[in-house]
Chemist: 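Got a structure for you, written out below as structure tokens; questions coming shortly.
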Amino acid sequence: MSEKVLMKGNEAIAEAAIIAGCRHYFGYPITPQTEIAAYMAKKMPKIGGTFLQAESEIAAINMVYGVSSAGLRVMTSSSSPGVSLKGEGLSYLAGADLPALIVNVQRGGPGLGGIQPSQSDYFQATRGGGHGDYHMIVLAPASVQEMAELTVKGFELADTYRMTSMILADGTMGQMMEPVALDDLRVNPMPAKPWATTGTGMKRPHNIVNSLFLQPEELEKFNFERYERYARIEETEALAEEYLMDDAEIAVAAFGIAARVSKNAIDEARKMGIKVGLIRPITLWPFPKAVFRKAADHVKSMISVELSMGQMIEDVRLAAECRVPVSLCNRAGGMIPSPDQVLAAIVSAAKGGH
Amino acid sequence: MTRRVTLLSGHYGSGKTNIAVNLALRLRETCDRVAVADLDIVNPYFRTKDSDADFAHAGIRLISSAFANSNLDLPAMPQDLYAVTDDRSLHVIVDVGGDDRGALALGRLAPALLAENDYEMLFVINRFRPLTRDAVSTAEVKNEIEAACGIPFTGIVNNSNLGAETTAETVLSSLSYGEEVAALTGLPVVFTSAETSLCEALWGKVPNLLPLHLQKKITDRFRRDSE
């Protein structure tokens, strides 16, 4: 067994990105994700990589566009307000079918909000964030080890499907320290990128990376092609952890830090004899619809536990096809639901209340 | 801790704040006038302010920025910072921010501290942090901090740990690392620290063992007994 190290979630993302072969990082500091940039600033010069603190988040995302066009693994990271600034760039990356990893360590909003943890960018992440018809693959880690593992997975999925992956973490995940087994990370070889603008060598026609189309018929064709790809991803890449769901009569839906709080509450509820389990989406897009659809056959109700005013709950309801009632248990603005609050919601659901 | 001022500095995430809290509570047992000064301008979270209730209970003064632990992410110094050097009847534990960037804030107090020459500056190290895994990289951090604040270290606190997965074996396996850093830097290992529950297995095996109570952390909010 490999020896573990003690890392912050943010540091784990940075180191895992380097292990995944990322040698280009562009960013701009913002709490609570600044350790990613700080780690890259220390490490990249030592391994022949590029760390660049851009003049803004907008500049950073466009630098990502440039490096990705050249076929290399590249990333940027920010927190909620900074990700909003990247919105235009995210849409351009999607329109040009460019792979990249974007990290959002969320803080309370809207606006400048605060620096405490939040999950209120769920809509922004899972619905695209920028303009136009597109999706990003959205991964939601719930431990520092998973911050590292999903970073590697994020790069691999991005390259496989030629699209952007986003790590949607929250301030707690970024700031908490846990032991991590980095040596256990496995990285697959990067797929060939014959589309990249790497120079023709006078041997092939030149490649063009672009999101502008002069003819609407042509633009429509690319949109339909992209959504066929999204359909394949929804069929094959959805991931969820199920905890004590086999005999569950109540399903708690939660991701990231909310899932850890919920597990605590579920254990307490089980001691009280309440049959409750957890469905923890690991991919938020594609949303693990099949798992929820299956659960809707045997549970009486569902509870969505979120650090927001209720965003994932819409996907839970859609996935359960409105066959069972879904209630919300939440805190917002940088506050975290306590295990007692979740337990109270479970007890209420067990009594038939919503 | 025979000196009036104890400065705690080291790599980001090495455990300085938790050690500062523990040393202050320990010092208060023998000293009437004890203060903790929070000079962290790097990290807005996990501050000595998390322990303000404990300090108030123990009669320890907290010298801290009004914005610590608030939503205002401002690298501000405490307004009563100069009490550290002006009030020589006060025994002070100073929690410095991580790395050279954090130590920069100490530069402002350096002339007075060096002139008075009644301080010790402890270098907090953890072998399980990814950027200080060996003695050479750890010594580099020491040099960077000294260059930033202009104050030479006087000793080492070996705080090697793996968080919740730390065992007595974890601590014992890091003793040679502590000695290597000591040899490379010429500094003595003043303390080797370990969480209180591990100390029973460590007494007699670890010189200068410092038992640590863990500061209340954000993780307490969701930790399960089984984790």
Side-chain angles (χ1 to χ4, degrees), chain A residues 3-8 10-12 14-15 18 29-32 34-35 38-39 41-43 46 79 107-108 112-117 142-144 171-182 256-268 333-340 342, chain B residues 11-15 17-18 41-47 67-75 97-102 125-134 137 140-141 144 159-167 169-170 173-174 177 214-215 217-227:
Chain A
E3 194 175 56
K4 290 182 175 179
V5 288
L6 185 65
M7 299 185 99
K8 282 202 166 210
N10 286 334
E11 296 170 335
E15 184 60 40
I18 290 168
I30 179 170
T31 305
T34 301
E35 290 87 359
Y39 196 94
K42 275 219 150 147
K43 268 241 155 150
K46 292 182 180 169
S79 179
R107 52 189 259 175
L112 205 46
I115 61 170
Q116 298 301 329
S143 69
V144 176
T172 322
M173 284 296 130
Q175 292 296 323
M176 67 192 285
M177 284 175 99
E178 285 183 325
V180 186
L182 290 170
I257 185 67
R260 292 178 67 143
V261 174
S262 297
K263 269 191 183 177
N264 202 341
I266 287 165
D267 289 346
E268 286 303 314
M335 301 302 292
I336 304 176
S338 68
D340 286 345
V342 180
Chain B
H11 177 45
Y12 186 70
S14 56
T17 300
N18 196 48
I41 54 166
V42 176
N43 194 345
Y45 310 103
F46 310 116
R47 305 283 287 260
F67 309 119
N69 277 9
S70 80
N71 258 341
L72 197 55
D73 185 8
L74 207 64
D99 292 326
D100 47 345
R101 285 161 297 161
I125 61 174
N126 179 359
R127 188 177 88 82
F128 298 98
R129 292 284 291 144
L131 298 183
T132 56
R133 300 233 56 201
D134 55 65
S137 55
E140 275 174 28
V141 174
E144 288 165 6
N159 185 46
S160 294
N161 75 87
L162 266 174
E165 291 184 20
T166 311
T167 62
E169 186 49 44
T170 313
S173 75
S174 71
Y177 159 78
L214 293 186
Q215 207 190 3
K217 283 189 185 153
I218 199 163
T219 46
D220 291 346
R221 295 186 201 171
F222 59 87
R223 182 176 289 146
R224 284 185 298 147
D225 294 338
S226 55
E227 278 179 344

Chemist: Is there a donor-acceptor pair closer than 3.5 Å between any side-chain N or O of B:Asn71 and the backbone N or O of A:Ile115?
Modeler: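 Yes, B:Asn71 side chain to A:Ile115 backbone: donor-acceptor pair under 3.5 Å.
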
Chemist: Is chain A contacted by the side chain of B:Leu131, its backbone, both, or neither, given a heavy-atom distance below 4.5 Å?
Modeler: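 Answer is side chain: those atoms of B:Leu131 sit under 4.5 Å from chain A.
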
Chemist: With sequence neighbours excluded, what pairs up with B:Asp99 under the side chain to side chain contact (heavy atoms under 4.5 Å, CB included) test?
Modeler: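 Counting only residues at least two positions away or on another chain, B:Asp99 forms a side chain to side chain contact (heavy atoms under 4.5 Å, CB included) with A:Lys42, B:His11, B:Tyr12, B:Arg101, B:Val141.
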
Chemist: Using the salt bridge (Lys or Arg N to Asp or Glu O under 4.0 Å) criterion, which residues pair with B:Glu140? Sequence neighbours excluded.
Modeler: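 Scan of B:Glu140 (salt bridge (Lys or Arg N to Asp or Glu O under 4.0 Å), adjacent residues dropped) gives none.
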
Chemist: Could you give me the CA-CA distance, side-chain angles and deciding distance for A:Gln175 and A:Glu35, then say whether side-chain contact (heavy atoms from CB on, under 4.5 Å) is met?
Modeler: CA-CA 9 Å; A:Gln175 292 296 323; A:Glu35 290 87 359; 3.1 Å; yes

Chemist: Select one option (side chain, backbone, both, neither) describing which atoms of A:Glu11 are under 4.5 Å from chain B's heavy atoms.
Modeler: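 A:Glu11 touches chain B through side-chain heavy atoms alone.
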
Chemist: Does any heavy atom of chain A fall under 4.5 Å from the side chain of B:Thr170, the backbone, both, or neither of them?
Modeler: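 Contact with chain A is absent: no heavy atom of B:Thr170 under 4.5 Å.
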
